[in-house]
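All ligand and atom numbering here is 1-based and tracks the order in the structure.
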Amino acid sequence: MKAPVHIAVTGAAGQISYSLLFRLANGDLLGRDQPVVLRLLETPESLSSLPGVEMELRDCAFPLLSDVVKTADPYLAFHEVDIAFLLGAKARGQGQERKDLLQVNAEIFALQGRALSRAAKHTVKVLVTGNPANTNALIALSNATELTAANFSAMTRLDHNRAVGLLAERCMCSSADIVRMTIWGNHSANQYPDLAYAEVRGVPALDRVGRAWFQEVFIPTVQNRGSAVLSARGRSSAASAANAALAQMRNWLFGTGESDWVSMAVLSHGEYGVAPGVMFSFPVTIDDRRVKVVQSLELDQHARERLALSERELLAERDMVAHLL
Ligand code: NAX
């Protein structure tokens with residue numbers, strides 16, 4: 001039997017976690033021969049919900065689940081972890097503005113960055129989902145002095161999957177027929193879902209769907225899908241978010257292959273003219289756990305304007321939390 005891999009999940013009593021944990025314990029991330037220890041982090045106020053989650057995990061009798069650790073101490077949660085899913089964040093309260101949300105979450109991610117740096121393995125892969133995800137990831141990275149940008153990403157895989165799902169529905173094909181979907185920028189309504197390089201069974205997607213549908217339907221539908229799910233379901237996306245987190249981490253650990261790319265927010269080093277030092281979603285390929293931004297795609301004027309909008313938003317968010325970077 002292999003030694004267990006330690007996986008931290010923050011916000012463990014929340015709704016995304018409630019979909020994610022059971023799939024992790026079932027081997028959906030690391031395979032059916034890899035035992036796992038799940039290390040669950042919650043706030044002191046919500047810690048009392050975790051025993052119920054643990055009972056259900058144990059009631060599944062997953063052969064791969066070696067142990068469950070429940071704690072409100074980030075240093076214990078991140079102790080020697082190989083993988084961390086940072087789901088936990090404060091939701092926007094009534095009357096709070098986006099900048100208030102940024103501030104309150106900034107402190108959480110600064111603390112968690114320090115704890116990851118001290119407690120986790122130096123090869124840890126940290127995927128930030130809690131919103132505002134891109135800037136939270138930047139804060140965690142900036143505070144993790146023993147770790148590097150290669151340890152951190154923010155999740156735009158749900159946006160990517162939403163875009164693939166929407167295009168597949170429009171073209172009446174399987175999602176497996178679609179390659180080279182791209183989400184650029186911030187995980188917010190200013191992201192840019194781009195079809196310029198996407199293909200459907202080898203045919204350029206724009207030839208299949210036309211530019212009008214792309215600009216008038218596809219872009220706003222993907223950008224606003226989170227709000228649409230919230231109003232239709234009465235709760236925000238959960239199972240699809242857990243699925244996306246799993247997919248992004250699987251690609252990070254096991255690669256993308258050469259024929260396709262995925263979207264992932266990583267630290268910008270100035271690619272495509274984006275300011276260095278923000279977590280920006282790019283098309284990436286992954287090999288041997290190393291993420292490479294796809295180079296040399298041509299961007300038209302429309303795309304450049306959309307990227308610039310997302311970049312400005314991320315720079316403004318970065319300015320608001322400058323004291324924690
Ligand atoms: P929930 O409100 O159901 O759960 C969040 C949990 O985090 C709560 O149990 C809370 O007690 C816990 N928490 C808060 N502060 C914490 C801290 N300092 N340490 C540990 N736990 C803490 O939210 P859920 O629906 O699970 O969503 C989690 C986060 O994902 C939210 O920030 C949400 O906005 C974000 N999302 C991000 C997405 C993305 O694509 N990047 C999409 C889905 C989702 O909306």
A.B. asks: For ligand 1, note which part of Leu87 has a heavy atom under 4.0 Å away: side chain, backbone, both or neither.
C.D. replies: backbone
A.B. asks: Where's the contact between Arg157 and ligand 1, heavy-atom distance under 4.0 Å: side chain, backbone, both or neither?
C.D. replies: neither
A.B. asks: Below a 4.0 angstrom heavy-atom separation, can you tell me which part of Ala241, side chain or backbone, both or neither, approaches ligand 1?
C.D. replies: side chain
A.B. asks: Can you tell me which residue and heavy atom of the protein come closest to atom 14 (C) of ligand 1, and the distance to 0.1 Å?
C.D. replies: Ala89 O, 3.5 Å
A.B. asks: Got the closest protein heavy atom to atom 4 (O) of ligand 1, with its distance?
C.D. replies: Gly14 CA, 3.2 Å
A.B. asks: Judged by non-hydrogen atoms, does Arg235 sit under 4.0 Å from ligand 1?
C.D. replies: no
A.B. asks: Nearest protein heavy-atom contact for atom 9 (O) of ligand 1: which residue, which atom, what distance?
C.D. replies: Glu42 OE2, 2.5 Å
A.B. asks: Give me the residue, atom name and distance of the protein heavy atom closest to atom 32 (O) of ligand 1.
C.D. replies: Asn131 N, 2.9 Å
A.B. asks: So, applying salt bridge (Lys or Arg N to Asp or Glu O under 4.0 Å) with Asp82, which one of Lys125, Arg39, Lys121 is it?
C.D. replies: Lys121
A.B. asks: Within 4.0 Å of atom 2 (O) of ligand 1 (strictly less), any protein heavy atom?
C.D. replies: no
A.B. asks: Under a 4.0 Å heavy-atom limit, does Leu158 contact ligand 1 with its side chain, its backbone, both, or neither?
C.D. replies: side chain
A.B. asks: Please check if any side-chain donor atom of Arg289 sits under 3.5 Å from a side-chain acceptor atom of Thr123, or the reverse.
C.D. replies: no
A.B. asks: Consider side-chain hydrogen bond (donor to acceptor under 3.5 Å, both in side chains). Of Asn134, Asp159, Thr135, which one does His187 pass it with?
C.D. replies: Asp159
A.B. asks: Return the residue, atom name and 0.1 Å-rounded distance of the protein heavy atom closest to atom 16 (C) of ligand 1.
C.D. replies: Thr43 CG2, 3.3 Å
A.B. asks: Please tell me whether Tyr192 and His302 form a close aromatic pair, meaning their ring centres lie under 6.0 Å apart.
C.D. replies: yes
A.B. asks: Can you list the atoms of ligand 1 that are under 4.0 Å from a heavy atom of Gly130?
C.D. replies: 29 (C), 30 (O), 32 (O)
A.B. asks: Taking only heavy atoms of Gly11, which atoms of ligand 1 are found under 4.0 Å from at least one of them?
C.D. replies: 6 (C), 7 (O), 12 (C), 20 (C), 21 (N)
A.B. asks: Centre-to-centre under 6.0 Å for Trp213 and Phe218, is that the case here?
C.D. replies: yes
A.B. asks: Under a 4.0 angstrom heavy-atom cut-off, which atoms of ligand 1 come close to Ser46?
C.D. replies: 11 (O)
A.B. asks: Does ligand 1 come near enough to Asp159 that some N or O of the ligand is less than 3.5 Å from an N or O of the residue?
C.D. replies: no
A.B. asks: Which atoms form the tightest heavy-atom contact between Val209 and Cys171, and what is the distance?
C.D. replies: CG1-SG, 3.9 Å
A.B. asks: Answer yes or no: is there an ion pair linking Asp287 with Lys292, defined by an N-O contact shorter than 4.0 Å?
C.D. replies: no
A.B. asks: Hey, which of Glu317, Gln191, Arg312 is the one that makes side-chain hydrogen bond (donor to acceptor under 3.5 Å, both in side chains) with Asn186?
C.D. replies: Glu317
A.B. asks: At what distance is the nearest protein heavy atom to atom 26 (O) of ligand 1, and which residue and atom is it?
C.D. replies: Ile16 N, 3.0 Å
A.B. asks: Please identify which atoms of ligand 1 are closer than 4.0 Å to at least one heavy atom of Ile108.
C.D. replies: 15 (N), 18 (N)
A.B. asks: Do Glu107 and Gln103 pair up side chain to side chain, a donor and an acceptor below 3.5 Å, judged on atom types alone?
C.D. replies: no
A.B. asks: Are there over 12 heavy-atom neighbours, none belonging to Arg32, within less than 6.0 Å of that residue's CZ?
C.D. replies: yes
A.B. asks: Among all protein heavy atoms, pick the one closest to atom 19 (N) of ligand 1 and tell me residue, atom and distance.
C.D. replies: Gln112 NE2, 3.4 Å
A.B. asks: Ligand 1 versus Met155, non-hydrogen atoms closer than 4.0 Å: side chain, backbone, both, neither?
C.D. replies: both
A.B. asks: Under 4.0 Å between a Lys/Arg side-chain N and an Asp/Glu carboxylate O for Arg211 and Asp207?
C.D. replies: no
A.B. asks: Among Thr182, Thr285, Asn251, which residue meets the side-chain hydrogen bond (donor to acceptor under 3.5 Å, both in side chains) test with Trp261?
C.D. replies: Thr182
A.B. asks: Nearest to atom 40 (O) of ligand 1, what protein heavy atom do you find, and at what distance?
C.D. replies: His187 CE1, 3.1 Å
